[in-house]
Structure formats: structure tokens, C-alpha cells
2 protein chains.
Amino acid sequence: MNGRAYSALGAHLKTLREARGLTLSRLAADAGLAKSSLSRLERGDANPTLDTLWRLARELDVTFSALTAPIAKTTSVDAPLPAATDDVALTLVERGMGAPAVDVYLMHLMPGAVRDAEPHTPGTEESVQLIAGSVSVGSQKTSGTLAPGERLTFDAGQAHRYVAYDDGATLLVTIVYPHRHEEGDS
Amino acid sequence: MNGRAYSALGAHLKTLREARGLTLSRLAADAGLAKSSLSRLERGDANPTLDTLWRLARELDVTFSALTAPIAKTTSVDAPLPAATDDVALTLVERGMGAPAVDVYLMHLMPGAVRDAEPHTPGTEESVQLIAGSVSVGSQKTSGTLAPGERLTFDAGQAHRYVAYDDGATLLVTIVYPHRHEEGDS
DNA sequence: CTAAAACGTTCCATATATCGAACAGTCGCG
DNA sequence: CGCGACTGTTCGATATATGGAACGTTTTAG
């Protein structure tokens, strides 16, 4: 079983709930599920259904990934994950179709993970904001090591690389594409 | 129910499986679940358990977030978000528990929407990156109007305000909390 | 100090997700 | 041709996640 990880999720859930000043009963009612279910879930004594998780995510105003973040960390249930293959998870958070176009990705790097990124279209600018852990990032021209909360912007027209250290890294990657025809920027 | 999003997950799952050249029967066996369960899951006719998703993620060598990526995008299941109440939607994307702590929110502002935010703890810094639309944001001391891709950082220790214009705005809000005791940054 | 309401927990009935087996279709081989 | 091994699907039985009503405890009224 995976009782261990369930309790991690439960704790996280409880944190989110309390951060919003909600009581268990209240959240359960708002999310449309029974108090008992939520209680057991928070106690880590449950194997919730996707639907259940969903309702909670919606009610707590968090994305599904944010809700299940502690799970993503849990290397695996009970079998060791062959993390060697891909220890980098990249999730598109939002895509902006304005001028210029902007994409935002959430990147999770396992400890020691290295991600090499191909150059984008020349003129593309990439901005990296570290959320947790520590990471070294950049292109040949511009690079640096970040602490949580810090940010680095570099030219993504060249190859660039991300390297996570012992504690892994969670970071936000914003890609600003060059606008094709407009020069609205004064 | 949420059939629509389930089918999205199912399709994604099938893609992952086929990308690895695995048959349904094989994957089911390796993951330790019944063929029938996996079949219904891929057909989008299921409300899987966390445990089930887990085993699949492990067996497919993807992180949990990667597996549930299509879900993450689905802001809500199928129930219309109670957006009517507020023309501002705020979703927690990720929470960093490092030092300092960092929270990232995704904010959607309807055209003309105004959001007034209470001051946070003194020393808290807020960074806003515009993804699409246009917005005016800031505190008394620091404020500005942003174009897509632009960013503004200001002191969130004071009251601050977001104003969206005719085309609304999608933006990323990063909140960096002051670290309580440490100054490890050399 | 008592009464009422709220909190979170635990119990049991029910809904349902999962399992295992039988199923129709396809492919390879003798 | 017919057989065997395989694909993915559908069917009943079982395990279990959820819902609703109890519970003991704490907080708010009165």
C-alpha cells in the first residue's frame, strides 16, 4: 500500500484548508462531499477518487498539480522509481496568445537532474523564477545560481541548461516569444 | 459528472502507453491492475483511484504531475466555476516551502476587473508577470502598466491593486515571503 | 453554570471502482 | 485451413471509497 504518501497528501490538504481559514466541515460541504470522507483523507487514511481530489482542488482554488504536489515529490509508492530516465517534469501552466506570446511552464527537477534545452527562435527571452530548492540555470552568455524567490532572465535564442542540486528544484519558466510584426514596445 | 475531463486523461494515458510501445494488457499487468480497469480508464469511462493513477505513473516512468497534466489544465471539472461572484479568479499554482517561502498564483482578471489586495507581512515582495491582456498594478510607491511578457516587482507590505483593461488580463503573481530567521544568502 | 452550536472523529449502509473471467476480433504459424 | 497466442472489450462478483448519522469534545451563547 501507499499509506505513507497518503498521509503526506493529507497533511498538505490540511495546510491548504487552514491557510484559508476554513473548517473541515465547511470545506467538505462546499466541495460537496461528506465530512467523514474529508476527515479520513486529511488523516492520510484514504485512497481518494479523482473526482474527490478534483472537487477539493476546485474549492481550494488550486490547480490539480498544486494539490497533488506532495505526491509528485514522493519518489514512488513502494517501488523505487527509475528516476534516471526522466527526472524532469514540465507542465504548461498557461499560454498567452497576446502580442508578444507568452508561455509559462512549471518545472520540477529531481535532485541532481540536468535539463538541456534547445535554442528557441532568436529573440526569445526566458525568465526563470525559483520557487523551492536550488538550481543553476542559463545560457553561455548569462547564467547563475538561484535561491528561492530569485529570478534570472536570459536569451533563449541559444542553448540553455538547468541543473538542480541535492534538494532538487521547483521553478517557474516564462518564455516570451518575439512578436512577429509589432514593435509596440517604445 | 466529469466525463469530459476523464476522457482527456484517458487519451493522454493511451498516448503515453503507445509511445512506449506497450500493449494495454502488458501495462495493466506490469502496473498490477486488471486489464478491464485500464481499458475503461483509457476510454474515459472511469473515476480512478489515487492508487491506480499512481501505479500507472510509476510504470510509465512519469511523475504524477506529468500523468495528470491534462487535468491540471482543466480549471474545473465541468461545473461552471462560480466566476459570476467575482470577476477575479486566483489559483495557487505552486507553493515553495524553502527559505524564503514562495507562493505562485495564476490570476485571471475579467475586463475592467479591479482587485484590491490587503498588505502582507512587511518585507514581503510581490512580483507580477503579465501573460496576456493588459493590467495596471502596484502599490502606492511602485506601480505601472504592463504589456504581455513584462514584469513588475513591488513591496507587498502595503496595500496594492490590480486593474485590468478592456481585454482583461492573465498574470502570474509570485509572492516571496521574508525569511524569519535566516540570512543564508551570502 | 447550563444550553446550543460547532468542531473533528468514528461507525455502518450504500454506491462504485476494481478485479477476474469470458468475450469477439486479429495476427502468426503449422 | 485450423490452431494458438495475442489484442482490447464487456460482463458479474468482490473489495472499498463515499455518504449520512451517530459520537465525544470544545467553543459560543444565554
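Values below: every heavy atom of this structure, side chains too, minus hydrogens, waters and symmetry copies. Below, read A as the first sequence line, B as the second, and so on, with proteins coming before strands; counting in each chain starts at 1.
Residue pairs meeting the salt bridge (charged side-chain N to carboxylate O under 4.0 Å, His left out) criterion with at least one partner in residues 8-28 of chain A, sequence neighbours excluded, are R17(A)-E42(A), R26(A)-D30(A). Applying the ring-ring contact (aromatic ring centres under 6.0 Å, His included) test to pairs two or more places apart or on separate chains, none has a residue in residues 17-44 of chain B. Under the ring-ring contact (aromatic ring centres under 6.0 Å, His included) criterion, the residue pairs touching residues 126-171 of chain A are H120(A)-H160(A), F154(A)-H160(A), with sequence neighbours excluded. Pairs of residues two or more places apart, or lying in two chains, never qualify as ring-ring contact (aromatic ring centres under 6.0 Å, His included) while including a residue from residues 123-147 of chain B.
Note on the helix from dC1(C)-dG30(D) to dA24(C)-dT7(D): terminal axis deviation equals 40°, with five pairs used at each end and the result rounded to 10°.
Atom-to-atom, CG of L41(B) to P of dT16(C) comes out at 17 Å; the value is rounded to the nearest Å. L53(B) places its CG atom 12 Å from the P atom of dA17(C), with the value rounded to the nearest Å. Rounded to whole Å, atom C1' of dA21(C) lies 16 Å from atom CG of L33(B). Rounding to whole angstrom units, CG of residue N47(B) and C1' of dT16(C) are separated by 9 Å. Atom-to-atom, CD of E18(A) to P of dC7(C) comes out at 13 Å; the value is rounded to the nearest Å. Spacing between atom CG of D45(A) and atom C1' of dC11(C) amounts to 13 Å, rounded to whole angstrom units. Computed from coordinates, the L27(A) CG to dG8(C) C1' distance equals 13 Å when rounded to whole Å.
Counting all heavy atoms, side chain and backbone alike, E150(B) lies closest to T145(B) at OE1-O, 3.9 Å.
At a threshold of 4.5 Å between non-hydrogen side-chain atoms, the residues L67(B) and L16(B) count as touching. Counting heavy atoms from C-beta outward, W54(B) and E59(B) have side chains that stay 4.5 Å or more apart.
A distance-only check finds no donor-acceptor pair linking the side chain of D167(A) to the backbone of G133(A) [under 3.5 Å].
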Contact pattern, 5' to 3', of nucleotides 5-13 of chain D - B, S or - by protein heavy atom under 4.0 Å = --SBBBB--
